[in-house]
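The block underneath contains the structure these notes are about, expressed in structure tokens.
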Amino acid sequence: MRRATPHQSRRTVARTPQARVVIEYDTVAAPSADSIAVDGFEKPLRSMRESMTVHNRTSRPVVAVGLDMVYTDLSGRMIHRGQHTVDAMIPAGESRRIDVPAFDSSASFYYRRSAKPRYTSHATPFDVAVTVTYVTQPLLTEPEQ
């Protein structure tokens, strides 16, 4: 199966001895602000991963989430911007902790609300704004005869 990009759909065919089930994936660009929420961001100083919690407030499961992440210093100046597609099965009404690679390959930045490092002379705090740009949800169709 090839990876879907925004505005494309994915299709998976599952075969069992009795039936053939076709699952179609619907990619929804810019979902409503109250349908998918992201919070609980963490990135300690030397971590090579960034973690956050994604809440699925829709009535269908989510299989992938597109994220736009804007990193700023504490004065509001942009440090970095990155986009991620995260494959995560999140059932309707549930939440999942996800990880993405850290933008900070030098391990010298830490999220301002994470634990403050013991030695901060070479550490820079940052803030981040995470926007959900799209979600991918399965659409169960009728079995083919």
Would you mind reporting whether [Y] and [X] have side-chain heavy atoms less than 4.5 Å apart?
X      : Y      : answer
Ile36  : Thr58  : yes
Val54  : Ile90  : yes
Ser51  : Lys43  : no
Gln137 : Val63  : no
Gln83  : Leu67  : no
Pro138 : Arg60  : no
Val62  : Thr136 : no
Phe41  : Arg112 : no

Rounded to the nearest 0.5 Å, how far apart are CE of Met69 and CE of Met52?
3.5 Å
From Ser75 OG over to Asp127 CG, what is the distance, rounded to the nearest 0.5 angstrom?
11.5 Å
Side chain to side chain contact (heavy atoms under 4.5 Å, CB included), that's the test. Do Tyr134 and Val65 meet it? Break it down for me.
CA-CA 6 Å; Tyr134 65 90; Val65 179; over 6 Å; no
Assess, by modelled atom type and distance only, whether the side chains of Thr131 and Asp68 contain a donor and an acceptor separated by less than 3.5 Å.
no
Polar side chain donor-acceptor pair, Ser106 to Asp104, under 3.5 angstrom
yes
Taking only residues two or more places apart in sequence or in another chain, which ones pass side chain to side chain donor-acceptor pair (under 3.5 Å) with Arg77?
Asp73
Closest non-hydrogen atom pair between [X] and [Y], with its separation:
X     : Y      : answer
Ile98 : Ala88  : CG2-CB, 4.0 Å
Met78 : Arg81  : SD-CB, 4.1 Å
Leu45 : Ala123 : CD1-CB, 3.7 Å

Any chance you could lay out the side chain to side chain contact (heavy atoms under 4.5 Å, CB included) test for Arg49 and Glu42, step after step, and finish with the verdict?
CA-CA 9 Å; Arg49 309 289 302 161; Glu42 289 182 359; over 6 Å; no
Spell out, yes or no, whether Val100 and Ile79 are grouped together once hydrophobic residues are joined by side-chain heavy atoms under 4.5 Å, including indirect joins.
yes
Yes or no on side-chain hydrogen bond (donor to acceptor under 3.5 Å, both in side chains) for Arg97 and Thr53, after CA distance, side-chain angles and deciding distance?
CA-CA 4 Å; Arg97 194 82 174 148; Thr53 303; 2.8 Å; yes
State whether the side chain of Glu50 and the backbone N or O of Phe103 hold a donor-acceptor pair below 3.5 Å, judged by distance alone.
yes
Suppose we call two aromatic rings close when their centres sit under 6.0 Å apart. Are Phe126 and Tyr110 close by that rule?
no
